[in-house]
Amino acid sequence: MTTATAQIGTGERSAVRYGSIARGRKRTLYWSYFFLILFVIFFLMPPVYMFITSLKTSAEIGAVTNPWWVYHPTLQNYIDLLSQAQFLTFFKNSALVAVIVVSVTMVVSIMAAFSLARMKFWGSGTLATGVFLTYLIPESLLFIPLFKIFAFIHDLTGIELINHWWVLVFLYPTLTVPFCTWIMIGYFASIPKELDEAALIDGAGYIQILTRVFIPVALPGIIAATIFCFTVSWANFLYPLAFTTSADQLVLPVGIVTTLIKGDVYNWGQIMTGALLGAAPPLIIYAFLMDYYIAGLTAGATKG
Amino acid sequence: MAEVALRNIVKTFDRTPAVAGIDLNINDREFVVLVGPSGCGKTTTLRMIAGLEEATSGEIYIGDQLVNDVPPKDRDIAMVFQNYALYPHMTVYENMSFGLRLKKFPKAEIKERVENAARILDITNLLDRRPKQLSGGQRQRVAMGRAIVRNPKVFLFDEPLSNLDAKLRVQMRMEIKKVHQKVTVTTVYVTHDQIEAMTLADRVVVMNGGKIEQIGSPNEVYHRPTTRFVAGFIGSPAMNFLPCRLVEGSNGSAGLSVKLSDKLTFPVPPDRVGRYRPHAGRELLFGLRPEDIIEKRGDLPPGRTAFDAQLDVVEPMGMETMVYFLVDGTEVCGRVNPAVAGKPGETMPLVADLNHMHLIDPKTDQVL
Amino acid sequence: MADAVARDLRIPVVRRRVGARALVSRKSMIAFFFALPLILIVLCLVVYPAFYSMHLATLNKSMTKFVGFGNFEFLFKRNTFWMVVEQSVLFAVTAVIFKAVIGFVVAHFVHNIPLKGQRKWRGMLLIPWVIPPAMSTLAWLWLFDPSYSAFNWILNHLGLAGIPWLGNPYWARAGIILVNVWVGSPFFMIMYLAALKSVPEQLHEAAAIDGANWFQKIWYVNLPMMRNIIQITALFSLIVTFANFDIVKILTNGGPVDQTHVFATWAFTLGIWGNDIPLGASVSLFMFPILAVAAGLILRNIRNRGNEA
Ligand SMILES: Nc1ncnc2c1ncn2[C@@H]1O[C@H](COP(=O)(O)OP(=O)(O)O)[C@@H](O)[C@H]1O
Ligand SMILES: [Mg+2]
């Protein structure tokens with residue numbers, strides 16, 4: 001644009017400042033980077049501080065030195081925790097719960113989403129809305145009645161549900177199933193209708209359409225939903241805190257908070273190490289599958 | 001042996017009729033094109049033949065079989081969709097063989113059929129690619145290949161070319177015609193593009209508002225339209241329609257003539273006088289295609305009448321020039337040789353070929 | 001030919017129609033069967049408990065007697081209850097506003113830089129959302145530690161007095177909001193960035209030609225175009241923040257002297273620790289009206305989105 005103006009107005013307008021637009025853009029860019037760096041510092045400070053502390057001995061933590069620096073880095077905290085049977089039990093419980101919840105949720109929600117997005121039956125529209133609404137019911141509204149119901153089941157049948165790690169397998173689906181179904185409905189609905197019609201003409205039945213067309217085509221959505229499901233199962237704090245108490249039945253987040261904090265004695269080196277190890281699985285998945293993770297995050301609102 | 005027959009087919013979506021009673025016989029190996037404006041029920045008709053939509057009433061036969069209750073996979077049809085509907089996660093080979101694999105055909109036969117279809121369509125070198133790696137025209141071929149390998153009784157096409165750019169569309173149109181000549185299968189082809197319909201069809205079915213307006217060969221629907229809708233829909237640029245009055249007498253003789261305005265009156269060609277006589281004195285609609293309004297050159301053969309027109313707009317198209325002029329406030333288009341076309345505002349001598357004129361009863365919209 | 005066929009087949013036609021209806025209902029049977037596990041899970045684990053909660057709220061502590069609104073009357077007379085109401089609302093509203101503003105601003109910064117680098121920055125900025133909140137709150141607890149606070153160390157070195165982060169109710173409230181904002185703004189940033197990307201660049205160019213400066217472009221182009229996502233995200237976050245448990249539980253556990261309790265933590269303290277399940281249920285039920293309103297608004301927004309598309 002600038003150059004065009006310059007050419008038109010040759011003689012009279014010799015005072016064109018070439019590149020002023022580019023300069024303006026550059027200034028915006030620099031300011032953007034400046035603020036981004038500030039925000040990144042703010043956002044990354046706690047995990048970085050976790051890491052710094054995890055490398056310190058109790059002695060160094062207790063000494064009045066610069067808390068933001070490690071003078072005698074050691075991996076002792078990691079070695080201690082990872083050789084501690086109890087901590088490994090937390091890890092095992094967490095992993096088992098997550099794997100089972102993810103498997104069950106994905107099977108249930110893929111089937112339901114296919115049915116609601118494509119097959120339709122009496123009341124399926126209402127059910128789809130209902131699924132969304134149940135997704136909005138937080139666990140802090142449900143844990144008390146569920147606690148009572150589970151106690152009641154024990155009185156009735158003698159099956160003790162409370163204070164077993166596997167009770168969480170019945171609880172987490174209240175959080176994962178509605179959301180995964182909801183976003184899978186969105187992904188399935190975005191598959192062109194002609195694709196299942198082509199499969200129908202090709203001779204596929206409903207189950208074949210689901211397994212041989214919908215699941216492969218919506219794989220990115222399925223990965224996103226799986227990641228979400230895993231993250232929620234791994235991170236939940238309220239349910240295990242309310243439903244499990246014995247040390248051998250705890251999952252990682254609750255285990256770290258309740259066993260590493262002993263009364264008023266805080267072993268911060270170990271707590272930070274535990275917290276970092278507890279945060280590691282979601283972080284690793286995020287590092288490798290970031291794009292799917294983000295797709296799943298935005299799907300809830302943009303695919304509706 | 002695969003005739004397709006529709007008997008009084010009706011389809012209503014939530015009380016609004018999309019198809020309002022269609023009767024159609026399609027012969028074995030015939031290429032039939034359903035053409036009409038958007039929303040006239042072409043796709044719905046095709047989908048009912050495919051079994052993707054259930055007819056509200058009426059009967060559909062494929063071959064000798066009543067197929068109303070037969071699911072799509074057992075109707076022995078193949079369909080090419082507007083957006084091709086290729087399975088994005090499968091290679092071209094897998095796409096084309098999916099139906100055969102579901103039916104558990106032996107591997108060797110699948111391979112043979114796919115390779116054969118690929119040869120016909122000239123896509124042998126694309127068999128390992130995925131749909132994403134193909135151009136629009138190539139996807140179109142694969143979609144056709146998927147239909148061919150199934151060796152169906154009937155091919156169904158739903159606007160298969162409308163996602164392609166203009167140049168490719170012409171090329172693929174020819175391709176489809178060639179394929180049909182190689183694998184002669186009963187074909188029902190849906191399009192809103194009347195040029196496609198004219199070039200491809202053995203018979204054209206013109207639809208409007210959920211009903212069939214006319215069935216006939218491309219020449220028939222072009223030269224002998226039976227309704228005002230068909231006359232106006234087929235042909236581009238569209239036929240000129242002018243209100244007129246059919247009056248007795250022409251140049252003092254015993255014929256008839258059409259009075260378009262105070263200044264412009266055309267004599268009816270003698271061979272049509274008998275046909276139009278009963279309507280003498282009525283207000284009618286006069287129809288004449290632009291190519292029948294040309295520049296004046298030399299002597300006038302019988303049936304042609306010369307007149308002068310003051311040009312309003314002139315559109316050079318290269319090999320011809322469109323001239324527009326007003327007759328009693330109605331815009332009329334003529335098609336003249338670029339060498340003699342006048343400029344806007346000029347008066348130009350033109351000739352109307354009345355051997356191709358149509359008169360339409362405005363009450364019934366039927367061509368007389 | 002086909003006419004003859006039609007006549008021959010007239011009787012089977014009638015019989016087959018029945019077959020078609022059977023086919024249709026078979027299809028919805030399959031569909032229903034596919035959705036059945038979902039229906040069971042939602043009914044047994046969400047809908048039933050939600051209603052059971054209302055029933056529980058009308059019982060006495062040992063759950064042997066029906067007391068009607070007795071639990072609510074008891075709550076209304078307690079100062080702590082009103083403090084919890086105030087703190088929950090204040091916490092949720094303030095935190096959501098901060099998260100929305102920070103998310104909006106950061107999304108614009110990310111959007112400004114070249115596309116190539118955006119993925120990297122976005123990746124770093126989302127980390128607080130990825131870490132399980134219970135784990136990251138431990139880090140904040142340690143940052144706020146009364147004797148070894150790393151923040152106070154910085155403040156002291158700058159010549160300022162240390163702050164009693166979690167010891168003083170006002171600072172504790174601020175601290176809780178700070179942690180929640182830290183956890184939640186990345187989510188807003190991601191949502192707003194996605195919305196920003198869907199604003200066509202031509203609109204900005206048209207606005208530039210119409211003489212809009214950068215602020216006017218944001219105000220008159222971006223904001224209206226993103227309004228729907230902004231609302232959905234904010235309402236959604238309002239629900240989650242209002243029902244938040246982890247942060248308060250770990251950071252202050254309601255202290256000092258119950259001044260930072262929110263509904264979820266107080267219900268937990270009364271219901272699970274205090275063993276008064278009906279009272280806990282009554283407290284958590286107070287979340288319901290706000291959740292219902294927010295959920296209704298979200299649903300309306302999502303429907304609107306559907307219509308626009
Ligand atoms: N699934 C449907 N539900 C409701 N109305 C429909 C549906 N499919 C088509 N219609 C309506 O039926 C009419 C015919 O549609 P269609 O057969 O697709 O037209 P065409 O293919 O000729 O453009 C249109 O008015 C359309 O709105
Ligand atoms: Mg159509």
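Within every chain, numbering begins at 1; the chains are lettered A, B, ... in the order of the sequence lines, protein sequences first and strands thereafter.
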* Asked: Minimum heavy-atom separation for A:L297 to C:M191, with atom names?
  -> O-SD, 3.9 Å

* What part of A:T65 is in contact with chain C, defined as an atom under 4.5 angstrom from a non-hydrogen atom: side chain, backbone, both or neither? -> backbone

* Are side-chain heavy atoms of C:M124 and A:F43 found at a separation under 4.5 Å? -> no

* Asked: What residue in C:I154, C:L299, C:L38, C:V130 has the most heavy-atom pairs under 4.5 Å with chain A?
  -> C:V130

* Asked: Between the main-chain N or O of C:V42 and the side-chain N or O of A:T134, is there a donor-acceptor pair closer than 3.5 Å?
  -> no

* Close side-chain approach of A:W122 to C:S28, heavy-atom, < 4.5 Å -> no

* To do: Between chain A and each of C:F33, C:W153, C:F187, count heavy-atom pairs under 4.5 Å; write down the option with the most.
  => C:W153

* Asked: Given that the side chain runs from C-beta out, which part of A:L238 has a heavy atom under 4.5 Å from chain C: side chain, backbone, both or neither?
  -> both

* Asked: Is chain C contacted by the side chain of A:I162, its backbone, both, or neither, given a heavy-atom distance below 4.5 Å?
  -> neither

* To do: Please determine, among A:L44, A:V232, A:T231, the option with the most heavy-atom pairs under 4.5 Å with chain C.
  => A:L44

* Interchain contact, C:I277 with chain A, by part (heavy-atom threshold 4.5 Å) -> both

* With a 4.5 Å heavy-atom cut-off, do A:I256 and C:L138 have their side chains touching? -> yes

* To do: Determine, stepwise, if the pair C:F236 / A:Y135 fulfils ring-ring contact (aromatic ring centres under 6.0 Å, His included).
  => CA-CA 11 Å; C:F236 176 78; A:Y135 164 53; 5.7 Å; yes

* To do: Pick one of side chain, backbone, both or neither for A:V254, based on which atoms fall under 4.5 Å of a heavy atom in chain C.
  => neither

* **Interface residues of residues 284-293 of chain C facing chain A - heavy atom cut-off under 4.5 Å** => C:S284, C:L285, C:M287, C:F288, C:L291

* So how far is it from A:K148 NZ to C:S53 OG, rounded to the nearest 0.5 Å? -> 13.0 Å

* Determine the minimum heavy-atom distance between C:A150 and A:W68, stating which atoms define it. => O-NE1, 3.3 Å

* Taking only residues two or more places apart in sequence, or in another chain, which ones meet A:F121 in a ring pair (Phe, Tyr, Trp, His ring centres under 6.0 Å)? -> C:F32

* By a 4.5 Å heavy-atom criterion (distance strictly below it), what part of C:V110 contacts chain A: side chain, backbone, both, or neither? -> both

* **Contact summary for A:I144 and C:G280, nearest pair of heavy atoms** => CD1-C, 3.3 Å

* Can you say whether A:I61 sits under 4.5 Å from chain C via the side chain, the backbone, both, or neither, judging by heavy atoms? -> both

* To do: Check each atom of C:L125 against the heavy atoms of chain A and say whether the ones under 4.5 Å are side chain, backbone, both or neither.
  => both

* Given a strict heavy-atom distance threshold of 4.5 Å, which part of A:L127 is in contact with chain C: side chain, backbone, both, or neither? -> side chain

* Measure across C:W182 and A:F42 and return the closest heavy-atom pair with its distance rounded to 0.1 Å. => NE1-O, 3.2 Å

* Asked: Is any side-chain heavy atom of C:L126 closer than 4.5 Å to a side-chain heavy atom of A:M290?
  -> no

* Asked: Side chain, backbone, both or neither: which part of C:L193 has a heavy atom under 4.5 Å from chain A?
  -> neither

* Asked: In Å, rounded to the nearest 0.5 Å, how long is the span from CZ of A:F39 to CH2 of C:W121?
  -> 12.0 Å

* Asked: C:I41 versus chain A, heavy atoms under 4.5 Å apart: side chain, backbone, both or neither?
  -> side chain

* **Side-chain heavy atoms of C:W214 within contact of A:T28, under 4.5 Å** => no

* To do: Go through the steps to decide whether A:F34 and C:F109 satisfy the test ring-ring contact (aromatic ring centres under 6.0 Å, His included), and finish with yes or no.
  => CA-CA 9 Å; A:F34 174 75; C:F109 289 138; 9.3 Å; no

* Asked: If every non-hydrogen atom of A:G278 is compared with every non-hydrogen atom of C:M135, which pair is closest and at what distance?
  -> CA-SD, 4.2 Å

* Asked: Which atoms of A:L116 come close to chain C, meaning under 4.5 Å heavy atom to heavy atom: side chain ones, backbone ones, both, or neither?
  -> side chain

* Side chain, backbone, both or neither: which part of A:L241 has a non-hydrogen atom closer than 4.5 Å to chain C? -> both

* Checking heavy atoms, do the side chain of A:L141, its backbone, both or neither come under 4.5 Å from chain C? -> both

* To do: Fit a plane to each ring of A:W268 and C:W142, take the angle between them on a 0 to 90° scale, and name the class: parallel (under 30°), tilted (30 to 60°) or perpendicular (over 60°).
  => parallel

* Asked: For A:N236, is it the side chain, the backbone, both, or neither that has a heavy atom closer than 4.5 Å to a heavy atom of chain C?
  -> neither

* Asked: At their closest point, which heavy atom of C:P114 faces which heavy atom of A:Y33, and how far apart are they?
  -> CD-OH, 3.5 Å

* Hey, are the side chains of A:T298 and C:I229 touching, using non-hydrogen atoms and a 4.5 Å cut-off? -> no

* Scan A:T174, A:V177, A:L175 and name whichever one has a side-chain contact (heavy atoms from CB on, under 4.5 Å) with C:L45. => A:T174

* Asked: Does any non-hydrogen side-chain atom of A:P46 lie less than 4.5 Å from one of C:L143?
  -> yes

* Asked: Any side-chain heavy atom of C:W140 sitting closer than 4.5 Å to one from A:M45?
  -> yes

* **C:I250, part contacting chain A, at a heavy-atom distance under 4.5 Å** => side chain

* Whether A:Y206 side chain and C:A31 backbone form a donor-acceptor pair below 3.5 Å -> no

